Amino acid sequence: MKFFTHLSFSRKCDYSFMLNVIFTSCRTTGRMVLLLAVLLTVSVVGTSGGMTPAPPTTAAATTPPVCPGGNTTLCAPRIQPSFGRVTFVRVGSGFFKLNCSLQSTDAAPMATWTWRKDGEVLRNSPDGHIKLMTDATSTLLTVQHDLSDRDAGDYNCSVTTAFGADNYQGKVIIMGSQGHVPVVSAEQSRVWARPGDNVNLSCTIVADKSQIPSGSWLKEGSVVPDIAGGHTEWKPSINQTVDRTTRRQILVIRGVNGSDYGNYTCVGELKGLSDSKTIQLLRQEPREGLPLPVILGIAAAGVVALVVMVTSFIIWRRKYDPDLGWDKPDPEAEYNIPYENELPKYDIFISYSCKDLAFAKDVLLKELTCRGYEVCVDFKDFTPGVFIVDNIKEGVFRSRKTIIVLSSNFRKSGFGRFELQMAGARKYLERKDVLIVVKIDQCKVPTMLIGRTFLDWTNENVRPHFWQRLENAIGPDQKVRDRKDHKDNQEEEKEEEETITAEDDRDHKNNAVNGHVANGGPHILGLPETDLLENEDRPLLAVV
């Protein structure tokens with residue numbers, strides 16, 4: 001407001017300069033509109049008073065600075081001081097320096113630095129006692145020559161840029177001077193306690209090293225009793241260093257009751273001069289246990305939430321995770337099944353990781369071959385020059401069964417995963433489950449194979465029955481099945497021939513008998529043969 005008052009009563013206003021200052025001082029669009037309205041008002045007032053505006057200068061065409069990224073909040077100035085909230089300086093040191101700088105150079109455009117001591121603006125003094133050095137990003141204040149109590153006080157550095165303003169204030173204490181006032185500080189301004197708790201209130205009193213300040217505690221203006229081992233007790237401690245004396249004043253309150261809550265003041269005194277800090281002791285209500293119904297309700301809600309989360313996760317996995325398999329095919333759709341009209345070429349296709357070659361070659365292949373099975377394995381049966389995926393497809397679809405050698409290495413194998421998916425595809429295309437899983441180490445079972453019964457090579461209880469169970473899962477080899485089918489066919493043909501022969505003999509005999517009867521037939525002992533044939537109880541006598 002002082003700035004605009006000055007503009008209103010100035011008779012020689014440079015309006016272009018005013019416009020530039022206004023634009024660079026605005027942080028938000030709303031403030032810019034307000035400032036433009038004020039500028040228009042000032043212009044009207046100046047015109048009505050017969051004042052002629054000065055011709056525009058080059059500064060009026062200057063574009064207001066733009067913050068990188070367009071977010072002025074990121075470019076707002078932030079001061080990084082080189083001194084603390086309290087700075088101790090000895091008289092004999094001759095000088096002290098206070099420095100402030102910007103944390104980010106993005107806030108540097110048109111930065112204006114100002115130093116104040118106890119609210120008054122500091123400037124370079126002719127005698128060099130106060131010296132200021134300022135640039136776009138930092139400012140340095142040097143106080144030198146004849147340091148005394150007049151140099152002690154609150155020093156404040158402030159900065160104003162096109163994107164905002166910031167300030168920092170610290171206290172400077174001159175040690176070793178006459179009439180030095182002790183400085184009292186407290187780590188906490190509020191302390192919470194429950195009835196019956198033991199509480200420690202503490203403050204720090206700092207003075208020159210040659211002087212030891214006194215300390216005391218007041219509550220609501222009255223001195224707090226100091227009773228050793230009692231309800232309230234003072235426990236001071238003093239520490240002296242090269243340049244200062246520090247007195248730590250502790251007030252112990254044992255078994256806090258209702259009358260103990262309130263404002264406690266720590267007072268530091270030295271040669272009639274004093275400083276103080278106030279600490280509030282506030283009541284903290286004891287936490288009561290929740291009622292049992294509330295606890296049970298919370299537990300039930302947690303269980304329900306957990307069940308919902310697990311169920312949702314399972315549904316999501318089944319819907320989106322390809323490791324869980326495929327949806328059932330449409331029974332009315334037509335699918336192109338590889339090698340559909342060809343007989344199986346192999347009994348078994350072995351799918352394994354190349355790192356498990358020893359087991360696949362020296363154990364599985366060797367034993368299954370000895371048992372008469374036709375085994376398809378990559379290093380023996382894959383056709384050179386053909387794409388690997390075509391070899392895998394032929395091996396899986398032209399074999400009656402596919403053995404998966406499951407291991408930690410197999411889980412990391414890309415081709416192993418493809419062979420597993422190819423066998424799964426055959427299951428849904430041909431409605432045949434051709435997978436046999438052989439687990440050879442303590443690996444995690446893939447999600448796609450969960451629920452399947454597998455042969456565990458590492459299980460000592462399974463090992464004695466391993467090959468018999470594997471042979472039962474595979475079934476008899478193709479050669480054995482062919483021999484059995486051939487034998488069955490021979491037996492059927494033999495039975496059919498015997499049946500035909502028996503029928504032919506019976507027909508021939510019947511025809512012969514019928515022929516004799518038609519011609520009168522022979523007579524035996526004066527009886528026709530027909531009588532003999534009709535009377536089976538009568539024995540036939542040989543004709544002599």
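Since the model is a prediction, treat every value here as computed from it, not as a measurement. Note that the numbering runs from 1 along the sequence shown for the chain.
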Tell me the closest heavy-atom pair linking Q211 and L270, and the distance in Å. OE1-CD2, 2.9 Å
Is there a donor-acceptor pair closer than 3.5 Å between any side-chain N or O of K131 and the backbone N or O of Q144? no
S189 side chain reached by Q280 side chain, heavy atoms, under 4.5 Å: no
Just by distance, do the side chain of Y261 and the backbone of N257 share a donor-acceptor pair under 3.5 Å? no
Please check if any side-chain donor atom of T458 sits under 3.5 Å from a side-chain acceptor atom of Q442, or the reverse. yes
Run the side-chain contact (heavy atoms from CB on, under 4.5 Å) check on F96 and D151 step by step: do they pass? CA-CA 10 Å; F96 65 88; D151 300 315; 4.3 Å; yes
D154 with K171: basic N within carboxylate O range, under 4.0 Å: yes
Looking only at the side chains, is there a donor atom on one of S407 and D356 sitting less than 3.5 Å from an acceptor on the other? yes
Would a distance-only check, ignoring hydrogens and angles, find a side-chain to backbone donor-acceptor pair under 3.5 Å from R254 to G230? yes
Out of curiosity, T278 OG1 to E220 CD, how far, rounded to the nearest 0.5 Å? 9.5 Å
Smallest heavy-atom separation, S202 atom then I250 atom, equals CB-CG1, 4.0 Å
Taking R248 for the side chain and C203 for the main chain, is one N or O donor matched with an acceptor at less than 3.5 Å? no
With a sphere of 6.0 Å drawn around CD of E120, does it hold more than 12 non-hydrogen atoms of other residues, nucleotides or ligands? no
Nearest heavy atoms of T265 and S276, plus distance in Å: CG2-CB, 3.7 Å
Is the backbone of I130 close enough, under 3.5 Å, to the side chain of S125 for a donor and an acceptor to pair up by distance? yes
Of the non-hydrogen atoms in G255 and H231, which two are nearest, and what is the gap between them? O-CE1, 3.2 Å
Out of curiosity, F410 CZ to I440 CD1, how far, rounded to the nearest 0.5 Å? 10.5 Å
Sequence neighbours left out, what passes ring pair (Phe, Tyr, Trp, His ring centres under 6.0 Å) with F83? Give chain and number order. Y168
side-chain contact (heavy atoms from CB on, under 4.5 Å) evaluation trace for L251 with N200: CA-CA 6 Å; L251 172 62; N200 291 345; over 6 Å; no
Candidate pair F454 and L406, rule side-chain contact (heavy atoms from CB on, under 4.5 Å), full reasoning: CA-CA 9 Å; F454 54 86; L406 182 60; 5.9 Å; no
In Å, rounded to the nearest 0.5 Å, how long is the span from CG of D275 to CD1 of I205? 9.0 Å
Run L281 and Y264 through side-chain contact (heavy atoms from CB on, under 4.5 Å) and show every step you take. CA-CA 7 Å; L281 180 60; Y264 290 80; 3.9 Å; yes
Exercise: identify the closest heavy-atom pair between V256 and R194: CB-O, 4.0 Å
N/O donor-acceptor pair under 3.5 Å between N124 side chain and L132 backbone: yes
State, with a plain yes or no, whether a side-chain heavy atom of C100 is found less than 4.5 Å away from one of W113. yes
Would you say the side-chain atoms of R78 and Q80 include a donor-acceptor pair closer than 3.5 Å? no
Just checking, any donor-acceptor pair under 3.5 angstrom between side chains of S274 and E269? no
Please determine whether the number of non-hydrogen atoms from other residues, nucleotides or ligands lying under 6.0 Å from atom CD of Q169 exceeds 12. yes
Would you check if the side chain of D226 reaches a backbone N or O of W234 as a donor-acceptor pair within less than 3.5 Å? yes
To the closest 0.5 Å, what do you measure between CG (L201) and CD1 (I253)? 4.5 Å
Is there side-chain contact between S158 and R116, with heavy atoms separated by less than 4.5 Å? yes
When you measure from the side chain of Q188 to the backbone N and O of I279, does any donor-acceptor pair fall under 3.5 Å? no
Point-to-point distance, once rounded to the nearest 0.5 Å, from NZ of K412 to OG of S408: 6.5 Å
Heavy-atom pair with the smallest gap, counting every atom of A111 and V159: CB-CG2, 4.1 Å
Sole residue of T134, T139, N156 in side chain to side chain donor-acceptor pair (under 3.5 Å) with W115: T139
Check whether any side-chain heavy atom of T232 sits under 4.5 Å from a side-chain heavy atom of W217, and report yes or no. no
If I take atom OG from residue S138 and atom CG from residue L102, how far apart are they, to the nearest 0.5 angstrom? 8.0 Å
Could you check if a side-chain atom of L98 sits within less than 4.5 angstrom of a side-chain atom of L140, using non-hydrogen atoms only? no
Tell me if a side-chain donor or acceptor on K444 pairs with a main-chain N or O of P446 at a distance below 3.5 Å. no
Could you tell me whether K219 atom NZ has more than 12 heavy atoms of other residues or ligands within 6.0 Å of it? yes
Would you find a donor on one side and an acceptor on the other, under 3.5 Å apart, between the side chain of N409 and the backbone of S353? no
Quick one: list whatever passes ring pair (Phe, Tyr, Trp, His ring centres under 6.0 Å) with Y352, sequence neighbours left out. none
